[in-house]
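Report on the following structure.
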Amino acid sequence: CGSLNRLGDKSQSTERPFDKMAAAMLSAATGLRVATGVSVVAVASVASRRSISSSHPCLAQNIVEKIVQRHAVDTSAEVRAGDLITVRPAHVMTHDNTSAVMPKFGTLGAPGMHNARQPVFTLDHNVQDKSKANLDKYASIQAFANDHGVDFYPAGRGIGHQVMVEEGYAFPNTLVVASDSHSNMYGGIGCLGTPVVRTDAASIWATGTTWWQVPPVARVVLTGQLRPGVVGKDVIVALCGVFNNDEVLNHALEFSGDGLDHLSIDERLTIANMSTEWGALAGLFPADALVVDWLQNRAKRIKKRGPSGVPSDADGVQGDAWRHPRLNDDTIAAVADNPVVPDADAFYNKTLELDLSTVQPTVSGPNEVKRVTSVADMHKQRIPINKAYLVSCVNSRVGDLAEAAAIVRGKTVAPGVEFYVAAASSEVQEESVGRGDWKDLLEAGALPLPPGCGPCIGLGQGILEEGEIGISATNRNFKGRMGAKSSQAYLASPAVVAASAINGFITGPDADKATEVDIVAKVYTSPAPTRDDVTVELRPGFPTRIEGRPILCPQDNINTDGIYPGKYTYREDMSAEDQAGVVMENYDDTFPAMVNKGDVLITGFNFGTGSSREQAATAIKHAGIAIVLCGSVSETYKRNALNNGLLLLEMPELVKQARADCGDVLTAVLNDTATVDFVASVVTLGGVEYPFPPLSTVAQDLFLVGGLEAWVAHQIQQ
């Protein structure tokens with residue numbers, strides 16, 4: 001078996017216990033004979049093109065499939081959307097949550113890191129916290145990195161995703177994962193970035209691999225050119241607002257069209273980053289000439305700067321000379337000389353089109369990403385603000401800071417408004433200082449924060465207090481995420497945030513002169529390919545049925561901040577009982593008192609959207625929920641649920657019927673019994689039977705052993 005490195009050459013690979021485990025379980029899941037690591041067709045719940053391969057023995061691939069092909073443990077089988085495979089990502093990034101992954105890794109019984117060059121540790125979330133407990137945690141992560149020879153970037157170096165791009169870990173035409181939902185950002189430079197969860201990260205440390213189901217791929221065609229004053233943030237906010245009915249939920253996106261020629265790398269990174277909030281698992285731009293030019297400029301800066309002070313620097317030593325081990329002439333030439341493009345007849349589940357010339361400055365919110373309003377209309381409403389934020393991995397790069405500085409130069413922040421700024425990385429701040437933009441921002445009254453996540457995740461100085469209103473250049477404005485539940489958070493571009501800070505209300509540059517424009521956008525859905533029915537038998541010991549009291553949370557888009565608030569996410573002292581006590585706190589704080597052990601949770605569409613925090617699944621499990629029935633679910637949340645032995649089914653028709661008469665409530669206990677029959681693959685509620693695809697044996701086995709952690713540990717012990 002061979003895995004492909006970034007240059008496209010095969011490197012030797014030794015069969016690992018995880019590969020055998022995946023092959024065995026996939027064979028059982030599909031009824032097909034599976035060699036170790038071979039890509040196979042997915043379980044019954046996923047449509048696949050493999051069933052028509054007899055007439056098309058060598059089907060075309062899109063870019064996503066081609067990149068995944070390079071990282072499949074055995075590349076002899078063609079990778080297709082829907083395939084459940086074993087992948088060996090080029091890198092896996094963890095941040096403050098490294099401390100939560102470390103004990104998981106310890107329980108696996110692995111003799112050491114499978115490949116110390118694969119993990120990257122970056123401290124970025126709670127960098128303002130100087131308490132002894134947090135400093136001790138950071139010190140333990142650094143010591144762990146030193147012990148295992150892992151590249152480590154301390155607090156203050158920058159937000160992990162920005163560091164991954166700056167230091168070449170996120171590299172074009174490779175698969176890179178992170179235990180953070182905004183790993184989609186890597187797609188801005190042509191790297192297929194997608195989130196994994198903490199248990200996956202531990203598995204990759206131990207085995208180099210993890211399981212992944214290749215998502216359906218949608219093509220997003222951007223045409224035309226943005227008008228002056230319109231930027232990449234407006235594009236992704238517009239996409240979230242126009243296509244707001246789960247059109248791209250759990251898809252990988254490929255951006256194309258002549259409009260790409262007019263989008264900077266910073267704008268591409270912004271769009272890819274917030275494709276997470278749009279519902280996508282990845283947002284991939286092509287590694288075109290603009291990307292190559294960016295790589296070359298970045299390599300020149302690094303050559304002038306020198307090594308980063310991490311273990312992988314040693315890989316660049318050549319006699320008395322040194323070159324960056326990832327960003328150098330050879331690796332960049334390989335990107336330029338070997339472009340990865342979709343085959344002419346590559347399949348896309350959907351095609352979405354947007355005319356960039358019809359996009360206008362836009363605001364998202366309050367407290368909901370997909371609720372969008374033009375800046376011109378917001379200006380008329382004159383909504384006062386208490387705080388403004390130019391922070392986070394989506395919009396704190398050099399161009400963003402320059403954009404805001406141009407607005408505030410020679411002016412002062414409005415009385416009663418606090419305007420917080422934080423660069424995406426220390427190098428971004430250094431360049432901004434050199435340009436004079438940082439000085440302009442501070443002279444206008446902006447309050448500097450260290451490079452890091454901070455208020456975006458509701459940590460440190462500047463979070464929203466009770467009843468306050470904030471406008472932010474961040475990527476997520478879920479209720480309670482940036483502070484108090486009663487606060488209101490809006491999202492916008494750096495220019496709009498800066499203009500709002502100066503004026504004291506939500507507005508934009510020349511918003512009083514703006515005219516409304518009708519946005520031009522279209523979506524086309526391709527006919528679903530046929531698939532053969534798959535019969536899946538129940539594993540010995542797996543329950544044939546689950547019966548429980550239905551507890552209904554009928555709202556759509558219940559996000560991970562609603563399920564498990566961010567303020568608890570990086571507290572490792574939260575027991576199972578503690579997690580159960582705060583579950584759904586930002587959605588409905590009465591939920592813990594209402595739920596009983598063995599209840600069946602019925603909830604709306606796009607359940608679990610948001611971050612990759614594992615506790616959003618474990619808290620539901622610890623509260624006693626036997627199974628979750630939802631209209632649709634974030635794939636990252638589903639991954640967390642399965643990895644922790646929490647059963648979950650998508651039941652759209654059942655959900656529609658269950659909430660038809662519930663009224664405007666957050667939580668309701670139904671006077672009924674929900675019965676999930678795994679033999680017949682039906683759920684019975686209110687005397688009506690609702691079918692579901694057979695539950696895969698992968699899900700069954702994860703449930704039986706208590707999750708992926710126990711599964712991998714057992715295989716390593718064997």
Side-chain angles (χ1 to χ4, degrees), residues 181-182 184 215-222 230 232-255 270-283 348-356 358-378 394 472 474-479 481 488-493 496 516-525 553-562 587 603-611 630-637 650 652 655-656 659 664:
S181 59
H182 287 111
N184 291 29
V217 183
R219 177 171 49 194
V220 182
V221 182
L222 303 178
V230 185
K233 184 62 163 287
D234 298 310
V235 174
I236 187 59
V237 170
L239 287 169
C240 289
V242 173
F243 301 110
N244 61 3
N245 291 307
D246 291 352
E247 288 90 344
V248 300
L249 180 64
N250 298 330
H251 283 63
L253 311 179
E254 286 186 19
F255 291 94
T270 294
I271 294 169
N273 182 297
M274 263 191 77
S275 68
T276 301
E277 280 65 42
W278 195 12
L281 284 174
Y348 293 93
N349 186 266
K350 295 177 181 178
T351 297
L352 301 94
E353 298 179 356
L354 177 67
D355 182 349
L356 294 179
T358 65
V359 177
Q360 57 189 322
T362 307
V363 173
S364 163
N367 297 353
E368 187 178 341
V369 175
K370 296 181 180 181
R371 179 191 301 172
V372 300
T373 309
S374 71
V375 170
D377 190 43
M378 294 296 293
V394 69
S472 178
T474 52
N475 41 33
R476 195 168 283 167
N477 59 348
F478 302 150
K479 184 176 74 171
R481 175 180 172 85
Q488 294 186 358
Y490 293 84
L491 304 179
S493 70
V496 170
E516 297 284 347
V517 179
D518 291 332
I519 197 163
V520 177
K522 303 174 183 177
V523 60
Y524 307 93
T525 301
C553 294
Q555 305 300 315
D556 294 333
N557 304 308
I558 298 178
N559 56 71
T560 50
D561 279 278
Y587 169 74
T603 188
F605 290 78
N606 198 22
F607 181 68
T609 185
S611 79
C630 56
S632 61
V633 63
S634 158
E635 190 66 26
T636 302
Y637 186 89
E650 295 183 69
V655 168
K656 291 176 185 177
R659 66 184 187 180
D664 188 19

Ignoring hydrogens, what is the shortest heavy-atom contact between [X] and [Y]? Give both atom names and the distance.
{"X": "Ile519", "Y": "Ala238", "value": "CD1-CB, 3.9 Å"}
{"X": "Gly283", "Y": "Ala272", "value": "O-CB, 3.4 Å"}
{"X": "Val363", "Y": "Val496", "value": "CG2-CG1, 4.3 Å"}

For this session: Please test Thr474 against Leu491 for side chain to side chain contact (heavy atoms under 4.5 Å, CB included), starting from the C-alpha separation and ending with a verdict.
Result: CA-CA 6 Å; Thr474 52; Leu491 304 179; 3.5 Å; yes

Residue pair [X] / [Y], side-chain heavy-atom distance below 4.5 Å:
{"X": "His251", "Y": "Leu281", "answer": "no"}
{"X": "His182", "Y": "Val394", "answer": "no"}
{"X": "Pro554", "Y": "Thr603", "answer": "no"}
{"X": "Phe605", "Y": "Lys656", "answer": "yes"}
{"X": "Val217", "Y": "Glu254", "answer": "yes"}
{"X": "Trp278", "Y": "Val237", "answer": "no"}
{"X": "Pro366", "Y": "Arg371", "answer": "yes"}
{"X": "Met274", "Y": "Thr270", "answer": "no"}

Can a donor-acceptor pair be found, under 3.5 Å and without considering hydrogens, that links the side chain of [X] to the backbone of [Y]?
{"X": "Asp556", "Y": "Gly604", "answer": "no"}
{"X": "Glu247", "Y": "Asn245", "answer": "yes"}
{"X": "Asp234", "Y": "Thr362", "answer": "yes"}
{"X": "Ser364", "Y": "Val369", "answer": "yes"}
{"X": "Thr351", "Y": "Tyr524", "answer": "no"}
{"X": "Thr276", "Y": "Asn273", "answer": "yes"}
{"X": "Asn250", "Y": "Glu635", "answer": "yes"}
{"X": "Asn244", "Y": "Gly241", "answer": "yes"}

Problem set entry | Candidate pair Arg476 and Glu277, rule salt bridge (charged side-chain N to carboxylate O under 4.0 Å, His left out), full reasoning | CA-CA 7 Å; Arg476 195 168 283 167; Glu277 280 65 42; 2.7 Å; yes

Exercise. If you round to the nearest 0.5 Å, how far is CG of Asn475 from OG of Ser181?
Worked result: 7.5 Å

Just checking, any donor-acceptor pair under 3.5 angstrom between side chains of [X] and [Y]?
{"X": "Tyr587", "Y": "Gln555", "answer": "no"}
{"X": "Asn606", "Y": "Asn557", "answer": "yes"}
{"X": "Thr560", "Y": "Ser611", "answer": "yes"}

Seminar exercise, completed: For Val235, the side chain to side chain contact (heavy atoms under 4.5 Å, CB included) test, sequence neighbours excluded, returns Leu226, Leu239, Ile271, Leu354, Leu356

For this session: Mind checking side chain to side chain contact (heavy atoms under 4.5 Å, CB included) for Ala489 and listing every partner two or more places apart, or none if nothing turns up?
Result: Asn367, Leu464, Asn477, Met482

Exercise. Residues two or more places apart in sequence or in another chain: which of them pass salt bridge (Lys or Arg N to Asp or Glu O under 4.0 Å) with Lys370?
Worked result: Asp246

For this session: Applying salt bridge (Lys or Arg N to Asp or Glu O under 4.0 Å), name anything that partners Lys522, two or more places apart in sequence or on another chain.
Result: none

Problem set entry | With Tyr490 via ring pair (Phe, Tyr, Trp, His ring centres under 6.0 Å) - residues at least two apart | none

For this session: In sequence, state the C-alpha distance, the side-chain angles, and the governing distance for Val221 and Leu352, and then conclude on side chain to side chain contact (heavy atoms under 4.5 Å, CB included).
Result: CA-CA 6 Å; Val221 182; Leu352 301 94; over 6 Å; no

For this session: Over 60° means perpendicular and under 30° means parallel, so classify the ring planes of Phe607 and Tyr637, tilted if in between.
Result: perpendicular

For this session: Using the test side-chain hydrogen bond (donor to acceptor under 3.5 Å, both in side chains), find all partners of Ser275 that sit at least two apart in sequence or belong to another chain.
Result: Asn184

